[in-house]
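Beneath this line is the structure, given in structure tokens, with notes to follow.
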Amino acid sequence: MLVDSHCHLDKLDYEQLHTGIDDVLAKAKARGIDYCLSVGVTLKSFPAMMEMIAPYDNVFASCGVHPLDIEEGFDFDKLKEFAQHERVVAIGETGLDYHYQPELAEQQKEIFRQHVRLAVELNKPLIIHTRMAREDTLQILREEGAEKCGGVLHCFTESLEMAQAAIELGFYISISGIVTFNKASELKHVVSQLPLERLLVETDSPYLAPIPYRGKQNQPAYVREVAEHVGLLKGISVEEVERVTTNNFFTLFSQAKQR
């Protein structure tokens, strides 16, 4: 059994690729993926995402405002209201992205801090997006006491040192299809060095489809390729990757209940 620990089910192509979310989940199930975490990125889109996943008890949700979406609007009271929904098992996607919007760094940092404070208050783990903001990300997590709620650095592409620093704070590291790319040598090394007990696997679909699907739209079914590659890099079976990463998921997201 596998879990896609990070996907955006409300952003998949339901006109040409899938007939509906039940079709997406059936394709995943056929490849041994039994659970998904559908990640929110804006407050505006959150209610529709929740309505979409409502019938499916093997799909969990998170609520947050992505650092590249903060200009669409951020309302802390609305975030807190949404985050207390019983299906919401995590806070995020939140974090810092200085690659695309360095000019909004100060605004990103303040909103990130508010997410961390809420996660600590509600005791729900964080889902972190970080790009070209290593020091500031770690500093805010430390200053705001993020070790109290824990979380995950998703779609990880940073250094081994950053991964180890996050693990020291009680965080997990999530690996996406990028790890299958030929040029991802640093990430491959990072994965080989980190303990499996601190890893999750994800698709980040509809983005970043792994080889051999690169160039196509990603979907939860393709998390199997990520797990297989992690096993290859660590010299272990995919069954071991499945067992440990699934256990990691339900340990971190403790409010997500297995059927």
Side-chain angles (χ1 to χ4, degrees), residues 1-9 12 18 21-39 53 56-62 89-90 125 127-128 150-157 160 163 166-167 170-181 184 187-214 216-259:
M1 180 176 72
L2 276 166
V3 180
D4 184 357
S5 69
H6 190 114
C7 57
H8 303 281
L9 293 179
L12 300 186
H18 314 290
I21 189 171
D22 52 344
D23 185 29
V24 173
L25 297 177
K27 292 170 182 172
K29 177 66 175 177
R31 304 195 73 210
I33 295 92
D34 287 352
Y35 297 92
C36 298
L37 175 49
S38 189
V39 176
I53 70 171
Y56 307 98
D57 62 1
N58 60 331
V59 179
F60 312 110
S62 75
V89 301
I127 297 175
I128 307 295
V152 57
L153 300 190
H154 107 93
C155 193
F156 192 78
T157 56
L160 177 60
I167 288 172
F171 275 63
Y172 289 76
I173 306 300
S174 186
I175 308 304
S176 73
I178 293 174
V179 76
T180 69
F181 298 175
L187 178 58
K188 293 175 191 287
H189 175 70
V190 168
V191 171
S192 73
Q193 298 300 304
L194 293 179
L196 184 62
E197 290 72 22
R198 281 287 158 179
L199 295 183
L200 301 178
V201 289
E202 65 169 90
T203 59
D204 200 17
S205 52
Y207 317 108
L208 301 171
I211 291 174
Y213 307 107
R214 193 173 183 186
K216 299 180 180 180
Q217 187 179 96
N218 207 355
Q219 59 178 289
Y222 297 165
V223 77
R224 174 155 297 281
E225 276 68 29
V226 180
E228 289 174 349
H229 206 80
V230 168
L232 182 66
L233 291 170
K234 299 190 77 63
I236 59 176
S237 68
V238 68
E239 290 79 13
E240 181 72 358
V241 176
E242 291 181 35
R243 183 184 67 80
V244 177
T245 59
T246 297
N247 182 67
N248 293 347
F249 178 88
F250 286 104
T251 299
L252 173 61
F253 301 110
S254 60
Q255 296 184 39
K257 303 303 180 184
Q258 296 190 59
R259 293 185 296 183

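By convention here, the first residue in the shown sequence is residue 1.
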Practice problem: Please list all pairs passing the salt bridge (Lys or Arg N to Asp or Glu O under 4.0 Å) test where one or both residues lie in residues 230-239, with sequence neighbours left out. | Solution: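 Salt bridge (Lys or Arg N to Asp or Glu O under 4.0 Å) check on residues 230-239 returns no pairs.
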Give, for atom [atom1] of [X] and atom [atom2] of [Y], the distance between the pair rounded to the nearest 0.5 Å.
| X | Y | atom1 | atom2 | result |
| --- | --- | --- | --- | --- |
| Leu208 | Thr180 | CG | OG1 | 9.5 Å |
| His6 | His154 | NE2 | NE2 | 3.5 Å |
| Ser192 | Leu160 | OG | CG | 8.0 Å |
| Ile21 | Leu12 | CD1 | CG | 8.0 Å |
| Phe156 | Ile173 | CZ | CD1 | 5.0 Å |
| Asp4 | Phe249 | CG | CZ | 9.0 Å |

For residues [X] and [Y], report the shortest heavy-atom separation together with the two atoms involved.
| X | Y | value |
| --- | --- | --- |
| Cys155 | Glu202 | N-OE1, 2.8 Å |
| Leu25 | Cys36 | CD2-SG, 4.0 Å |
| Leu153 | Ala166 | CD1-CB, 3.6 Å |
| Ala61 | Ile53 | CB-CD1, 3.7 Å |
| Met1 | Glu242 | N-OE1, 2.8 Å |
| Ala184 | Ile178 | CB-O, 3.3 Å |

| query | Considering residues at least two apart in sequence or located in another chain, which fulfil the side chain to side chain donor-acceptor pair (under 3.5 Å) criterion with Ser176? | reply |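 For Ser176 there are no side chain to side chain donor-acceptor pair (under 3.5 Å) partners, ignoring immediate neighbours.
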Using side chain to side chain contact (heavy atoms under 4.5 Å, CB included) as the criterion, list what pairs up with [X], not counting sequence neighbours.
| X | result |
| --- | --- |
| Leu232 | His229 |
| Tyr207 | His8, Lys11, Asp204 |
| Pro195 | Ile167, Glu197, Arg198 |

Check for a donor-acceptor pair, side chain of Thr203 on one end and backbone N or O of Cys7 on the other, with a separation under 3.5 Å.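 Here the side-chain-to-backbone pair does not exist.
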Point to revise | Gln219 (side chain) donor-acceptor with Ser205 (main chain) under 3.5 angstrom | key: no
Using ring pair (Phe, Tyr, Trp, His ring centres under 6.0 Å) as the criterion, list what pairs up with [X], not counting sequence neighbours.
| X | answer |
| --- | --- |
| Tyr222 | Tyr213 |
| Phe60 | Tyr35 |
| Phe171 | none |

With sequence neighbours excluded, residues passing salt bridge (Lys or Arg N to Asp or Glu O under 4.0 Å) with [X]:
| X | value |
| --- | --- |
| Glu240 | Arg243 |
| Lys29 | Asp34 |
| Glu228 | none |

Please collect all side-chain hydrogen bond (donor to acceptor under 3.5 Å, both in side chains) contacts where either partner lies in residues 245-259, sequence neighbours excluded, each pair once.
->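 side-chain hydrogen bond (donor to acceptor under 3.5 Å, both in side chains) check on residues 245-259 returns Asp57-Arg259.
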Glu225 and Arg214 ion-paired at < 4.0 Å
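Looking at Arg214 together with Glu225, the answer is no, because their closest N to O distance does not fall below 4.0 Å.
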Is the shortest heavy-atom distance from the side chain of [X] to the side chain of [Y] under 4.5 Å?
| X | Y | value |
| --- | --- | --- |
| Arg224 | Val238 | yes |
| Val24 | Pro220 | yes |
| Leu187 | Phe181 | no |
| Pro210 | Asn218 | yes |

From the list Leu233, Ile236, Ile175, Leu199, side-chain contact (heavy atoms from CB on, under 4.5 Å) partner of Val241 resolves to Ile236
